[in-house]
Amino acid sequence: MIANNPNRPDPRLLFDPAEARLEPPPRAFFRRDTELVARALVGMHIARRFRGRWYGARIVETEAYLGVADRAAHSWGGRRTERVAPMWADGGRLYVFLVYGMHHCANVVTRREGVPEAVLLRAAEGPPGGAAPPRLLSGPGKLCAALGITTADSGLDLLGGGPVTVLRGRGRRPRLGVSPRIGVDYAAEAKDWRLRFFDTESSAVSKAPSRRGGA
DNA sequence: TTCAAGATTTCCT
DNA sequence: GGAAATCTTGAAA
């Protein structure tokens, strides 16, 4: 028996995808333009299976990373190391990395094999009616911690019945805010690109929109 | 082999 | 508002 399994999702995120009427989108959804996918992911759900049960959260904030031409992206300049290998795969896979030696960050890979672009999942909120505190997943590191996602999950296919998936319902689209990305000041011209998208009505967004930001 | 720096969070003043 | 925590990755030597 493992008392403190780091991969264990927060029990307050327990939910039933079937009851919530959520389903995974087709592969073609992820193969589209990365900024479009980043926008579309806001309002969708990230879910993880652990010991036969599902845990999930509604995505409220994302960032697009545009591959070889984007100095903020790990694949900038064509970098193709073991860590970033999942970014080079076909759309619909998971890319997870460790930052600052302690926080995991989850990304959804977009485009086709050979085009290394992805969308960072920056924040989410627990299931409606659940007991999750409003800011349990209000940041990329916190999101991974709450769902128990680690680098061991990097490269997983989000489609095809694996333990991590992305789901969408039929609710209305959230009102989107736009701003430059967070924490990429080192990225020269790319630091000002407005590739961060968030649900303006959610209190789980990781950081208030920058003063000059907004739609 | 060595070393600087990071797609963050939390706690301190 | 500022800094510490903490370690893997990537690039240089």
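Computed from a prediction, not measured in an experiment: that's the story for all the values here. Residue numbers begin at 1 in each chain, while the letters A, B, ... track the order of the sequences.
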ask   = For the residue pair A:H104 and A:F97, is the inter-centroid distance of their aromatic rings smaller than 6.0 Å?
value = no

remark   = Any strand, both distances under 3.5 Å, Watson-Crick or G-U wobble: B:dA5 pairs with C:dT8

Distance check needed: [N] [atom2] versus [X] [atom1], whole Å only.
| X | N | atom1 | atom2 | value |
| --- | --- | --- | --- | --- |
| A:R135 | B:dT10 | CZ | P | 10 Å |
| A:D185 | B:dA5 | CG | C1' | 14 Å |
| A:E63 | B:dA7 | CD | P | 11 Å |
| A:E117 | B:dA7 | CD | P | 17 Å |
| A:L98 | C:dA5 | CG | C1' | 12 Å |
| A:L41 | B:dA7 | CG | P | 20 Å |
| A:Y186 | B:dA4 | OH | P | 19 Å |
| A:W193 | B:dA7 | CH2 | P | 15 Å |

Between [options], which nucleotide gets closest to the side-chain atoms of [X]?
| X | options | answer |
| --- | --- | --- |
| A:Y100 | B:dT9, B:dG6, C:dT9 | B:dG6 |
| A:L120 | C:dG10, B:dA7, B:dT9 | B:dA7 |
| A:M102 | C:dA5, B:dA7, C:dG10 | C:dA5 |

request  = Could you give the distance separating C:dA3 and B:dA5 at their P atoms, to the nearest angstrom?
outcome  = 16 Å

inquiry  = Side-chain heavy atoms nearer than 4.5 Å, only ILVMFWY residues, links allowed to pass through others: does that put A:W88 and A:L158 together?
reply    = no

query = Is A:R31 salt-bridged to A:D90, going by a charged N under 4.0 Å from an acidic O?
reply = yes

For nucleotides 11-13 of chain C, which of its nitrogen or oxygen atoms have a protein nitrogen or oxygen under 3.5 Å away, and what is each distance?
{"unit_1": "C:dA11", "atom_1": "OP1", "unit_2": "A:R79", "atom_2": "NE", "d": "2.4"}
{"unit_1": "C:dA11", "atom_1": "OP1", "unit_2": "A:R79", "atom_2": "NH2", "d": "3.2"}

ask   = With a 3.5 Å cut-off and no angle check, do the side chains of A:H74 and A:Y65 form a donor-acceptor pair?
value = no

ask   = Do we see a donor-acceptor contact under 3.5 Å between the side chains of A:E117 and A:T110?
value = no

task = Apply salt bridge (Lys or Arg N to Asp or Glu O under 4.0 Å) to A:E63 and A:R181, showing your working.
result = CA-CA 7 Å; A:E63 282 178 359; A:R181 295 172 293 184; 5.4 Å; no

message = Does a side-chain N or O of A:R83 approach OP1 or OP2 of C:dG10 to a distance below 4.0 Å, or not?
response = yes

A:H74 side-chain N/O to B:dA7 phosphate OP1/OP2 under 4.0 Å = yes

query = Should the pair A:R27 and A:F30 be classed as cation-pi, given the thresholds of under 6.0 Å to the six-membered ring centre and 45° from the axis?
reply = no

